[in-house]
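Let me begin by presenting the structure, written as structure tokens, before commenting on it.
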Amino acid sequence: MSTSAQAARLVRRRVATGAAAAIFGLGVALSGGLTTAASAADATSYSGIVLGVGANETQRIVTWYSSGDTAQKVQVAPTASIVNGEFPADAVTVDATGAANTSTTGYNRHATITNLKENTGYSYRVGSEGNWSPAYAFKTHDFEGDYDFLFFGDPQIGSSGDVAKDGAGWAETLRYATAANPDIELLVSGGDHVESANNEAQWDAFLAPDQLRQYPVAATIGNHDVGGKSWEQHHFTPNTDRSSQYYNGDSATRSGGDYWYIYKDTLFIDLNSNSYVNPADGSLGGDTAHVAYVTDVINKHGAEAKWTVLNYHHAIYSPASHSGDGDNKQRRKDFTTAFSELGVDLVLQGHDHSYSRSYSIKNGQKENAAEQPGAADVYPGPGGVIYVTANSASGSKYYDIKKPNAADTDPNGQRPDPLNPDSFWYNSVQNQEHVRTYVKVQVKSDKLVVENIRSGTCAAPNAAVEKGLSCTNTADGQPVGSLVDNVTIHPYNGDGQAIQVNVPNATGEFGWTIDGYNGLVNLGTAQEHDGWYFEANGKINPIVVSDSRFSLAPWSISANVSDFKDGDKTLAGSYLGWSPKIVESGAGAQAGAPVVSGYDDQGQGLAVSRGLGAADQGHARGTAKLGADLDLKFPNEVAKGSYRATLTITALSS
């Protein structure tokens, strides 16, 4: 007897959004420092407002600077309720907390907006009664399903020596990227926002674009962002561990920490890779501490997501100056096996001011020697991880690609790729044209699509080129918006068939898929019937049975399905029925009996093992292909969510 089952790790927790829920919660993320009461003549001014990512898609964290140490709030309301610029009387206010700035004058504040509703436009402002900042707007999207986010490498404002030119390039990249992709849902950074950690003029230029107040920002700390508290004062992040092992340097100037959040079906983990040296006292620190952190977060929260994406600054598989750094070689040893074993899907990195996309890397080595350079579709097996390094998003600084070292025998070194000797062994794509680019990631139910897109040409704003650096891009042949690289990542999902069902509200749409590159089964959209139940139909991936034994012994194929789950929500597997059929005859195959949905007969449906096909003793040798039409019926009381189940297929023969 042989049994094949798909691990049911693709389960997702959801936040209830019923009509009885409040529009906003009043939760506040607490940090050190207390605020004083506002005076009647409050002259406090506000600057550096940033809309940050929250712990999940129902939250946003707003961070800002203020000139005065006054009691301050975030005020939020649905944009549709604002008339002539006036917030309604029932607008929700969320108390802020913060402390005095350590890198400049003034104070920092942050507050967490919670219980946001999906597919809603909101407006917000910071301050106090009678002294509010300008209002800014953002919108939420469906809390289920596919979505896109943008990843930006190293703006490093000030590194060209001209803050204004660097800021102009950064602003133009954000302007173009969001105009071309207006429905993106996150802005993710790769670190090095500024050249000098505590230079507030550089921070002002980085924070100037209004897109940073319109889309939630997930900030990463880079090596140019450490040495002071400005990064931390400008970006308050969710679920953050600021223990000493996730910092570096003097405690008075440490900034950063490791943090995580879940957005839709993706678990994001962000690391402060500036901390990589183990403490002298032998305590857990550096890379070891980061691996322990990632392990703990995935063990606790990995089952709540379908994808795991890591983000940190120091690129370990990059093509330029930093690729040979000793600390990055060490990270290749320390990180990669753990990331493979933990099932990480994608790693986003900065630091090397050039673009690269790795081959599928497993345990620190190329997983499949036959994977071709620049492949448009890749199929990582278990433990295969794709590493992406982003080029400069501002044009302030570019690093040129290095030549591989044919004499390098270090397995973590920089030997050439046998399939493309001009590239390092680990990179499928390497690119440097001295033009600004950004990375777009499309997160879908069955794949990730990664695109590196030009946001500029040789023309201004492009500070490094304006100051004399050569440029190989041509606006006619490689214009703004053209692709440098485009890859679809098809993750492996085991030997069984993972079944996903998307349940809408009672009047919405409903779809499901079978994941894994054993084939995606799309059963379309479920229909509501007379206000009583949902129904969706489709087909399993066919199962091929081959029998060449001389014994002509009988065989049978059966299957059963687990309950469909989305976090703590359940849809009984008994609601799934099927009608087996012989797709291609042979091997004496006979189709199993139909099984109706338990909704129809109050039975057990496919929740118990049912025959898909079988052959009697003495059947002819040969091959058969078995299929089945699926029928899912269930009450319309089922809560909205993204449900998945495991189909276990069992083969029996004497």
Side-chain angles (χ1 to χ4, degrees), residues 29 31-33 44-53 61-69 72 96-111 126 133 152-161 163-164 166-167 170-171 174 187-209 212-213 217-238 240-242 244 246-259 270-275 311-314 350-351 393-394 396-397:
S31 68
T44 297
S45 60
Y46 313 107
S47 62
I49 299 171
V50 182
L51 182 68
V53 69
I61 299 176
V62 183
T63 309
W64 67 95
Y65 274 10
S66 65
S67 62
D69 191 16
Q72 296 164 33
T97 189
N101 289 329
T102 61
S103 55
T104 186
T105 58
Y107 304 86
N108 61 84
R109 296 288 186 264
H110 68 269
V126 306
S133 72
F152 301 94
D154 299 61
Q156 205 167 326
I157 306 299
S159 63
S160 75
V163 170
D166 296 349
W170 168 235
L174 280 177
L187 305 178
V188 181
S189 89
D192 276 4
H193 302 82
V194 295
E195 170 73 8
S196 304
N198 295 323
N199 187 317
E200 288 297 329
Q202 295 172 6
W203 277 109
D204 288 345
F206 171 79
L207 296 171
L212 302 182
R213 285 164 282 287
V217 177
T220 300
I221 190 166
N223 58 294
H224 282 266
D225 301 322
V226 298
K229 289 289 189 181
S230 286
W231 186 92
E232 190 170 293
Q233 292 166 178
H234 282 300
H235 300 288
F236 194 86
T237 53
T240 305
D241 192 327
R242 296 182 176 85
S244 60
Y246 306 123
Y247 279 111
N248 70 324
D250 182 82
S251 59
T253 60
R254 288 174 182 160
S255 196
D258 288 3
Y259 71 96
D270 195 289
L271 305 178
N272 178 6
S273 58
N274 299 287
S275 176
N311 189 15
Y312 53 81
H313 180 63
H314 293 80
H351 193 49
S394 69
S396 64
K397 182 195 293 184

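Predicted model, so just to flag it, every value in this text is computed and none were measured. Keep in mind that the numbers below use all heavy atoms, side chains included, and drop hydrogens, waters and symmetry copies. This chain uses plain numbering: 1 for the first residue, then up along the sequence.
For A205 against G167, the heavy-atom pair with the smallest separation is CB-CA, 4.4 Å. Nearest heavy-atom pair across Y46 and S66 is CD2-CB, 3.9 Å. Residues N198 and S230 come closest through the heavy atom pair OD1-OG, 3.4 Å. Nearest heavy-atom pair, A197 versus W203, reported as atom, atom and distance to 0.1 Å: O-NE1, 2.9 Å. In terms of heavy atoms, A96 sits closest to A111 at CA-CB, 4.0 Å. Scanning all heavy atoms of the two residues, the minimum distance from G191 to P155 falls at O-CD, 3.9 Å.
With N108 contributing its side chain and G98 its backbone, the two residues share no donor-acceptor pair below 3.5 Å. Judged purely by atom type and a 3.5 angstrom limit, D192 uses its side chain to pair as donor or acceptor with the backbone of H224. Proximity of a side-chain donor or acceptor of S273 to a complementary backbone N or O of H314 within less than 3.5 Å is detected. Side-chain N or O atoms of E195 include none that pairs as donor or acceptor with a backbone N or O of Q202 at under 3.5 Å. One N or O on the side chain of N272 and one on the backbone of Y246 form a donor-acceptor pair closer than 3.5 Å.
N311 CG to L271 CG: the interatomic distance, rounded to the nearest 0.5 Å, is 8.5 Å. N223 CG to D154 CG: the interatomic distance, rounded to the nearest 0.5 Å, is 8.0 Å. Rounding to the nearest 0.5 Å places CG of N101 at 9.0 Å from OH of Y107. Here the CZ-CG distance, from R254 to N274, works out to 13.0 Å after rounding to the nearest 0.5 Å. Between the NZ atom in K397 and the CD1 atom in I157 there is a gap of 12.0 Å [rounded to 0.5 Å]. Expressed to the nearest 0.5 Å, how far CG of D204 lies from OG of S47 amounts to 6.5 Å.
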Exercise. Check step by step if side-chain contact (heavy atoms from CB on, under 4.5 Å) holds for T220 and S189.
Key: CA-CA 6 Å; T220 300; S189 89; 3.9 Å; yes
Quiz item: Please walk me through it: do Q72 and V126 pass side-chain contact (heavy atoms from CB on, under 4.5 Å)?
Solution: CA-CA 7 Å; Q72 296 164 33; V126 306; over 6 Å; no
Exercise. Begin with the C-alpha distance, continue with both residues' side-chain angles, and end with the deciding distance and a verdict on side chain to side chain donor-acceptor pair (under 3.5 Å) for D166 and S394.
Key: CA-CA 6 Å; D166 296 349; S394 69; 5.4 Å; no
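The aromatic rings of H110 and F236 lie parallel to each other, their planes meeting at an angle below 30°, with 60° marking the opposite boundary.
In this structure the side chain of F206 reaches within 4.5 angstrom of the side chain of L212, judged on heavy atoms. In this structure, V53 and P238 have side chains that are in contact, with non-hydrogen atoms separated by less than 4.5 Å. I49 places a side-chain heavy atom less than 4.5 Å from the side chain of V62. Counting only heavy atoms from C-beta outward, the side chains of V226 and S255 never approach each other to under 4.5 Å. Using a 4.5 Å heavy-atom cutoff, the side chains of S275 and Y247 are not in contact. Contact annotation: the side chain of L187 approaches that of L174 to within less than 4.5 Å [non-hydrogen atoms, C-beta and beyond]. Inter-residue side-chain proximity for V194 and N199 is flagged as unmet; no heavy-atom pair is nearer than 4.5 Å.
Screening T63, D69, T97 against R109 for a side-chain hydrogen bond (donor to acceptor under 3.5 Å, both in side chains) leaves a single residue, D69.
In this structure, H234 has its ring center under 6.0 Å from that of Y65. For an aromatic pair to be called close, the ring centres must be under 6.0 Å apart, and H235 with H193 satisfies this.
Within the structure, salt bridge (charged side-chain N to carboxylate O under 4.0 Å, His left out) pairs that include any residue of residues 219-237 comprise K229-E232, E232-R242 (at least two apart or interchain).
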